[in-house]
Every structure is written in structure tokens, then in C-alpha cells.
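To start, the structure itself, in C-alpha cells.
Not measured: the values here are computed from a predicted model. Throughout, a chain's letter reflects where its sequence line sits, starting with A, and its residues are numbered from 1.
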Amino acid sequence: MRFSQSLIPTLREPPANAEIPSHILLLRAGMIRQLASGLFTWLPLGVRVLQKIERIVRQELTKRGACEILMPFVQPAELWRESERWDAMGPDLARLADRHKNEYCLSPTHEEVVTDLFRNNISSYRQLPCNLFQINTKFRDEIRPRFGVLRSREFIMKDAYSFHLDEETFNETYRAMYDAYSAVLERLDLEYRAVQADPGLIGDGESHEFHVLAQVGEDALAFSENSSYAANVERAEAIAVGARPDPSHQLEKVSTPGIASIDSLVQFLGIERDQVAKTIVARGANSPIALVLRGDHELNELKAARLPDVLQPLQFASDAEIERAFNCRPGSIGPVGTEVPVYVDRAAANLSDFACGANENDFHYTGVNWERDVACDRVVDIRRVREGDPAPDGSGPLSIVRGIEVGHIFQLGTKYSKSMQASVLDSDGKNTYPLMGCYGIGITRLAAAIVEQRHDDIGIDWPIEAAPATVHIISLNAERSELVQQTAEKVYDECLGAGVDAIYDDRSERPGVKFADADLIGIPHRIMIGERGMQRNQVEYRFRRGEIEAIAPSSVVERLRS
RNA sequence: CGGAGUGUAGCUCAGUUUGGCAGAGCGCUGCCUUCGGGAGGCAGAGGCCGCCGGUUCAAAUCCGGCCACUCCGACCA
């Protein structure tokens, strides 16, 4: 690829509407341009990165028996009605009609189409298990696209779907996909974590997310330093340590005028936040539901939403609803003496002699004890884990890091095979609904995640396997030296001839400009050809920010391979 | 959808308060000089000042409406 004949519009200054490193650098390096909110054009260098990533993904998947297909991006509403997702999906699903007024959607995911393909073409257990994947465009009409290509509306995703007659082969494929995803991220030289994840509305089985560690990551991950335990914080189990101490104080009702928050209460009473029980009220199917946490803990809304009778998704009760249920303002509520169902978090259930609202305006209780003063029969895990909490496998404290979710694998069970009548005959000649698995990798997001994790003050630091080219060849002041010009051309030709992917900066720019662009673009191997070295028939090799090494022009290909 | 901000040249931004010739730097074109880490000079090209309407002798600037983009929040198989 010749720089002068490609489209590589590098920018000296960071664009005004980009804030995070990957967005800024992909724009500055001339790899992407934004068309509209959440919609991006990939320019030549960017496309090469995507192709490199896709290549790795293809290799790792086909190696493990998955077969590539390509499904339509525009899909008939009929299929989505069969799976009952046409209505369930809401406004994230972009809908359109054709000239005959038939309804369609832009695909946010392909379960429906792949299940339809399966039921029309596979009817025997002999053809299972079966694992199909594609690399294709997706569209999700996000409420708020952000972070450049990290959360765009249109994006490229590798999605795979597997079909199984039994748990065993499902587990084998699940494991194989887990390994494939790990291998992809290893080859990209990324610091990543595979974590237990919330399976979401789909399915209810095991689920793992693959996260590239980065500050801008939207997810918090909890992991144990001493074991393999790792989970998305939204899913990580919080355990309570030790047992509840015996009561030593009497229950006492205290006048607390104007005290309506945990902070003001602990200050007023001169106690710590972890000696207070706080009560949060969620809307339930029949009545409001009280959720009790220790004062220093935070509610995990996903966990709370899974409690019986709590509305899903979780909704908090309004102030008016709370006043009606507790006969006092929200700042004075507590579990003692209330009629509403009370769920107590494990840590809160371990409290004794604690403080909480008295369900009477401007009054709190102190010296409260479970069982003695208030029932505690619904102890549940509803809090968000924090740094330093004990890992649920007992291996020590949890650490928390931020990650970008680039992959997700999970079980679909028989949700789609049943709703869409995709059955096969088993060896006894009986109709059976196959188990399905679903596996996704965000290709465009992965490209951005790489930049997010691997960049410095001068530009991007592409892993070799994802770099837009293997080598960046720079000629220095070639228009003043026939020899430099000819040598650069020759080196470039030899690279191409040897199958080495090269970008050749043949522009008549000053050296400083070329160096700066090369740093920004971030191809790790660099060859510089200038008059200075030519005097001794040498060119210069440099691996990103490393020492400069003088080598013979004829040995470039060899050097790159070593 | 709630809150905040920004829209002026390809990019980054002045100019808007107080209405009066459309500006700078970078980039781009040509010439000269320079030439191993984003050089310098001269001459140029490039504008629906987001859009629509209003006020005014006169609107980038004031008023009203709309749109787009960014950020925070809610949301996110």
C-alpha cells in the first residue's frame, strides 16, 4: 500500500467531538471517520485492522469446527414475531417496511434467522452438533451511542450459534468457544479476563464475558488474586463473613429531627456507616418491597430484580408510594414494624445493635437486633461487591478492574428451537428440540479496545497480528536522492513479493512529518531509508521505540521474519 | 427521555457580550529557500457563519422555532 495513493488523512490535533483515546487515535491516524452519531466509515488502514482481526477469529473458530455462513442483515418481522421478540425488543430494534408494506428489521442479532435456517435444513440428530458463525453488520438503535466505535449503533460482529442434542456436546462446544475466544485475545497480545456474566433475559445457564482491561471500560470486573474466580460485578456473589454477634444493647427510639440520610444519621449518632441498616423500596407485583442493606453498601439492581415479586426491570418506589406504605417520609423508614415484605442482604443480616429508621418522621431506632426486634426470614444476596470483599470461593479478597466487553458466550437452551419449532429426530425417531449456544465477538469494538489498551503519548501500539500492515517503510528525502528512491522502491517490492504486508510512505513530506505519522499509525516494524545509511548501503530497522539497527537493504524481508 | 454544552474554511478555534467588510493557525495549490523528528518566505484556492422564520437601514452577532453533534444520567440480547 502506497501512502500517497491511499486515503490516510492523519490529523495533527485531536478532533473536538472525541474524548476517549481510541476514538481520538483512530480518527487522528486516519482509520475512521464519523458519518453520524454511532455510524462510522472505516478507511483503508482501519479496514486492514478489521480484516486482520477477522482473520484471527476465523482461524480460531474454523480450527474448532465452526462453519462460516453469511445471513441477511435485513430480516422479515414474521420471524421475530415467531420468537416473540418483535414486541419484546422495543426501540433498540430498527424497523422498516418495503414497498409492499411488509415489515422488516435491521438485525441486532441473528438467532431467529439461524434457527429458521436450521429447522429448514437439519432434521436428524446425525447432523448434530452443528456450529455456524458469520461476520456481519449489526444495528442496534442505542439510546445513546458513545465512545466512538466502542459503542456505536452499526457495528461488525462475529456471531456463532451451536445446536446440540445433549448437554455433553453443548458443554464441549461451549468450552471450545471459550478456548477460541481466549486464543483470539492471546494472539492480540491483550490483557483480558474471562468472567462469569449475567446471562440476561435470554437463557438461564452459564455465561461468560471476555473483557479487555481498560480504564474506559463500561463494566466493573471482580476477580480473586489467588484463584480463577472472576465475575462481572453485576453478577459477582457477595458473601458475609462471620456470624451475627449477640445483642448487647436495648432497642431505643431516638428523636432525630431533620435527619433523613445515612450520612446525617451517622454524624448525629456518632457511629459508622456500617452500623446502620438502610432501607430501599422497590416496586413489587402486589405491594412495595423493602430491601435492607448495610449503610455502607450499595444495591446490586440486577440481583434485586431477580427477587420473587420484584418487578423486572427494577423500579424504585416513588416518595408518595413509600409514604403510603410506611406512614412516614422516605428518610425515616426501616424494617422494624413494617407490613411490607422485607428482604435483608447477607451483610445487613449479620448486624447487631444497629440503627435504622423508626417508620415515624424524625425518629430512628438504635440498638436494633434481628429476631429480637424484627423478623429476618428473607436473607438474600442483593448488594454490589466492592474492592476487598471476600471472594465467594474463599480464596481471599476481591480486586476490581474495569473492562471493555468484547465477547460473550452463553446458553440459549431451547428458547428459540421451541418457539420456532426447530426440532430434529433423535436416534429413537422422536422429535427433540435442540439446545442452542450463542457466541459473539464485537470485531469493531475489539479494534477500538486494542487501541484503548495499547497506546501511548505518540500513538497506537498495534499488536503485530492486528497492525494495519506488518511493516511501515519510510523513504527520507527521496526526491533528492535517486539511490534512496530506488532502494525504497526495491525494498517495498521485495516485501510485497515475499508476501510481507507493507505500507510504503512514498510521499515527498519532510522526515519529521513521516516519523510522526508512522508513530501515530503505530505499525510496529519500521524501515527507514535515507541518504545517511545509503552511503554504506544500509537501511535502518526499528521496532516501535526500540534501538535503530542498520541492515542491508537486501536483508529487510529476512529481518522482519526473524 | 431528563440535564449540560457546542455548531463559523478540510481540522482546531477567535469573532457573538455592545448588530456595521468573514478572521487566525494548521492543512491544501503554485513558486523560492530548507531538508533525519510535525521548517521558513511569497502568492493563492477554499464559507448556506447548522436550518427556517422574525426584529432591524443593516444579523455570524438580537428574538422564536427546529435540527445535528458531544458529555452526564436513565437504558443496554
May I ask which nucleotide in the shown strands pairs with [N], Watson-Crick or G-U wobble, both distances under 3.5 Å?
N     : value
B:U55 : none
B:G73 : B:C1
B:U17 : none
B:U6  : B:A68
B:G38 : none
B:G47 : none
B:C11 : B:G25

Taking the side chain of [X] as its heavy atoms from C-beta onward, which of [options] lies nearest to it?
X        : options             : result
A:Phe410 : B:A77, B:C69, B:C76 : B:A77
A:Glu13  : B:C11, B:G38, B:G36 : B:C11
A:Arg85  : B:G36, B:C69, B:A77 : B:A77
A:Glu301 : B:C75, B:G36, B:U70 : B:C75
A:Glu19  : B:C69, B:C71, B:G38 : B:C71
A:Pro15  : B:C1, B:U12, B:C69  : B:U12

Between [N] and [M], how far apart are the two [atom1] atoms, rounded to whole Å?
N     : M     : atom1 : value
B:G54 : B:A59 : P     : 12 Å
B:A14 : B:U8  : P     : 11 Å
B:U6  : B:G15 : P     : 12 Å
B:G38 : B:G27 : C1'   : 12 Å
B:A22 : B:C1  : P     : 38 Å
B:A45 : B:G5  : C1'   : 34 Å
B:C49 : B:C21 : C1'   : 15 Å
B:G3  : B:G10 : C1'   : 33 Å

- Message: Are A:Tyr192 and A:His211 an aromatic pair, judged by ring center distance below 6.0 Å?
- Response: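 Centroid distance A:His211-A:Tyr192: not below 6.0 Å, so no.
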
- Aromatic contact, A:His208 with A:Phe410 (centres under 6.0 Å):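 No.
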
- Residue among A:Ile69, A:Thr115, A:Asp159 satisfying side chain to side chain contact (heavy atoms under 4.5 Å, CB included) with A:His110: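 Filter result, single survivor: A:Asp159.
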
Between [X] and [N], does any side-chain N or O lie under 4.0 Å from OP1 or OP2?
X        : N     : value
A:Arg144 : B:C72 : yes
A:Arg12  : B:G25 : no
A:Arg510 : B:U34 : no
A:Gln34  : B:U70 : yes

- Query: Starting at the 5' end of RNA chain B and moving along, which residue's nearest nucleotide shows up first, A:Ala16 or A:Phe515?
  - Reply: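 In this pair, the answer is A:Ala16.
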
- Task: Could you pick out which residue, A:Gly440 or A:Val513, lies toward the 5' side of RNA chain B when each is mapped onto its nearest nucleotide?
- Result: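 The 5'-side residue here is A:Val513.
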
- For A:Ile409 and A:Phe210, what are the C-alpha separation, side-chain angles and deciding distance, and is it a side chain to side chain contact (heavy atoms under 4.5 Å, CB included)? CA-CA 8 Å; A:Ile409 59 178; A:Phe210 289 77; 4.0 Å; yes

- Task: Mind running side chain to side chain contact (heavy atoms under 4.5 Å, CB included) on A:Cys438 and A:Glu111 for me, showing each step along the way?
- Result: CA-CA 8 Å; A:Cys438 175; A:Glu111 283 87 0; 3.4 Å; yes

- Query: Roughly how far apart are A:Leu106 CG and A:Glu154 CD, rounded to 0.5 Å?
  - Reply: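 Going from CG on A:Leu106 over to CD on A:Glu154, the span is 8.5 Å.
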
- Any Lys/Arg nitrogen of A:Asp461 or A:Arg544 sitting under 4.0 Å from an Asp/Glu carboxylate oxygen of the other?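 Salt bridge: yes.
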
